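First the structure, in the form of structure tokens, and then the observations on it.
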Amino acid sequence: MEIQHFSHHHPLVFIQAHSAASKAALCLGCEKPGCAELELAPKIQHPFHPEHPLTLLPKSPYSGGITACSFCGTNFEGFVYNCFDCEFDLHINFERDCSGCQKPLSGPIYHCLDCSYPTFFTLHKECVELPLEINHPCDRKHPLTLLPRRPAHPEKCICAKSNGAVDYIFSPPTITNASHEHPWMLISKKMSFICDFCGIVGDHSPYLCATCNLAVHKNCISLPRNIRITRHCHVICFSYSFQQNQVEDCMCRICFTEVDTSYGYDERLGPSNLITDVIEQISIEEIMVASKIKHSYHHHNLRLTFSGEIKDDSQCDGCMRPISTPFYSCEQCKFFLHKDCVELPKEMPHPFHKHLLTLSNSHDENGCSWCTTCRRLYQGFRYRCYKGDCYFEIDIQCMLLSDTLKHPSHEHSLVLVHNEGTSCSACFKNLLSMDVAYRCMKRCDFSLDVGCASLPLTAWYKYDRHALTLTFSDDSEPSQLYCDLCEKEREPNCWFYYCADCDNSLHLNCALGDLPYMKLGNKIKGTGHRHPLTVVKNIWNCPPCKVCGEVCNGQALECKESECNFTVHSVCCWFLYESSE
């Protein structure tokens, strides 16, 4: 069946069904599910090329292995339906929009056989059957005429603006959507309004919810209630607005511009893929809290502690930071987990990795791991990619860092980005091109590598009864720039830990130790020594390092075998490994 449509100079041929099913099969190169389940006909007679049958080829018949679809113009590899005589090629997964409404083609269509790519002309059956003239409540003075293209005269009337907006003209009077509890009623009138969802001005035909007193664009009605993005570990849910006192920071975490909280706003939902079984619960201020749990990465039950005395050397077995309340602990062995580490989800996305990462407590054969982001040696939990040959792994400290950061060392907010050839403003080390770092949102010349950005703001020194504070600058005389622990000089612009009461200054490593994310008492292998070495913390009677000869004050590695008298700095340990090869 053919028709002559006013909008096109050639006759249009009617095609009963244009859909995914009519395409015979999906392209092998598309990697979409279901490709293998469809039977590919060796030859087809396709309505877009009625002159000759199309033959299925396993790959491109042209040199270079690339085929250009004669219908949609897409360059592709893999299966192709080809007419050798006409050099007509059809992509098995081709897609094209209707020449009238500009929406994807589906269902019955009319197609012009005389036009070829890129001037194909195809219309939905519904678009062909549109009346040539209508009366519309938006413009009660004039009838609206259907035109094939936008007129050239100035747009003074909505009848001109309506050209091509077929979806708008025939908008349904009522829309019911699962994301909103009340129906939306169309106001068919030219009027100015501000959409209560997106905050953008509209000039005609809003949809109104009289119960909630909301006016919105038609397209905004279908905004999803919940979404997931790689830059955030939780589900993002849609909310119409927030009161000013409900949020402290109105900065969008994607484009870093201010969000108008009078309109649509996103908030987070808690994780749902935890790896913890709750055994007992208690009620605290009408909130149920798990008081006893069974964690997947420990063989005994763990009990919650809200307060009490904590030993100075107790560490969380998840993040390796000093333990602090609230935390879960094992009554049978020295196993501790912060409450936040217990609530870590089994899987999380990371903004700079394409695959989903899985929580793990296993390490390599040496009993430790190397964080891809901060390049620190660590034990405890980690998130790792298990896709194919991908070896991306990240420690808990780095995984939980937000992609935006307000750090006390700088007046502006920082954003996590791929390195752009800068150096860290804290330690002044050059950043590699593969590194990620925090950069100033205002484009100041300020950057922090992930290791420095995650430094604790306080630390402890055995000869000082006060906590040391992370300090970002020092105006002291050059003769005063030294470390009170190792008695070596400090760089004038590098960060350090300082006690104002006792006037004690320490290098970062001297205050935190060389292995701050390794648990005391744990053993590691692969150091170049014939026995495994134990992570220790020397305070009194510190032995000398077997490599450099200097005193091993603080964290070090020690051999516990009776016949050995071996202690080494962690840094010197790797020189020992090289000499053993």
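For the single chain, residues carry numbers from 1 onward in sequence order. Below, all heavy atoms of this structure are taken into account, side chains as well, without hydrogens, waters or symmetry copies. All values derive from a computational prediction rather than experimental measurement.
- Here the rule is side chain to side chain contact (heavy atoms under 4.5 Å, CB included) with L515, and of L557, L520, N522 only L557 fits it.
- For the residue pair H338 and D340, no side-chain donor N or O sits within less than 3.5 Å of a side-chain acceptor on the partner.
- Checked against ring-ring contact (aromatic ring centres under 6.0 Å, His included), H407 has the following partners two or more places apart in sequence or in another chain: F472, W495.
- Taking 4.0 Å as the cut-off between side-chain N and carboxylate O, E561 and R530 do not count as a salt-bridged pair.
- The OG atom of S473 lies 7.0 Å from the CZ atom of F496; values are rounded to the nearest 0.5 Å.
- Side chain of E347 to main chain of T358: no donor-acceptor pair is present (N/O by atom type, distance under 3.5 Å, no hydrogens or angles).
- Residues R375 and V450 form no side-chain contact, since every pair of their non-hydrogen atoms from C-beta on lies 4.5 Å or further apart.
- H299 meets the ring-ring contact (aromatic ring centres under 6.0 Å, His included) test with no other residue; sequence neighbours excluded.
- By the side-chain contact (heavy atoms from CB on, under 4.5 Å) test, P543 is found to be paired with N538, T567, residues two or more places apart in sequence or in another chain being considered.
- Remark: D445 CG to T422 OG1 distance equals 8.0 Å, nearest 0.5 Å.
- The neighbour count for E280 CD, taken as heavy atoms of other residues, nucleotides or ligands under 6.0 Å away, is above 12.
- Under the 3.5 Å distance criterion, with hydrogens and angles disregarded, no donor-acceptor pair is assigned to the side chains of D395 and Y383.
- For the pair L302/F335, a side-chain contact is recorded, criterion being any heavy-atom separation below 4.5 Å from C-beta on.
- Here the side chains of L414 and R439 are not in contact, with every heavy-atom distance at 4.5 Å or above.
- Comment: E550 engages K488 in a salt bridge, judged by a side-chain N to carboxylate O separation of less than 4.0 angstrom.
- Between the side chains of R321 and Q315, no donor-acceptor pair of N or O atoms lies under 3.5 Å.
- The pair D474-R490 counts as a salt bridge, with a side-chain nitrogen and a carboxylate oxygen less than 4.0 angstrom apart.
- For the pair K519 (side chain) and K523 (backbone), a donor-acceptor distance under 3.5 Å is absent.
- In this pair, Y297 and F381 present their aromatic rings perpendicular. The plane angle is above 60°, beyond the 30 to 60° band.
- The aromatic ring centres of F566 and H529 sit less than 6.0 Å apart.
- The number of heavy atoms from other shown groups lying within 6.0 Å of NZ (K406) is above 12.
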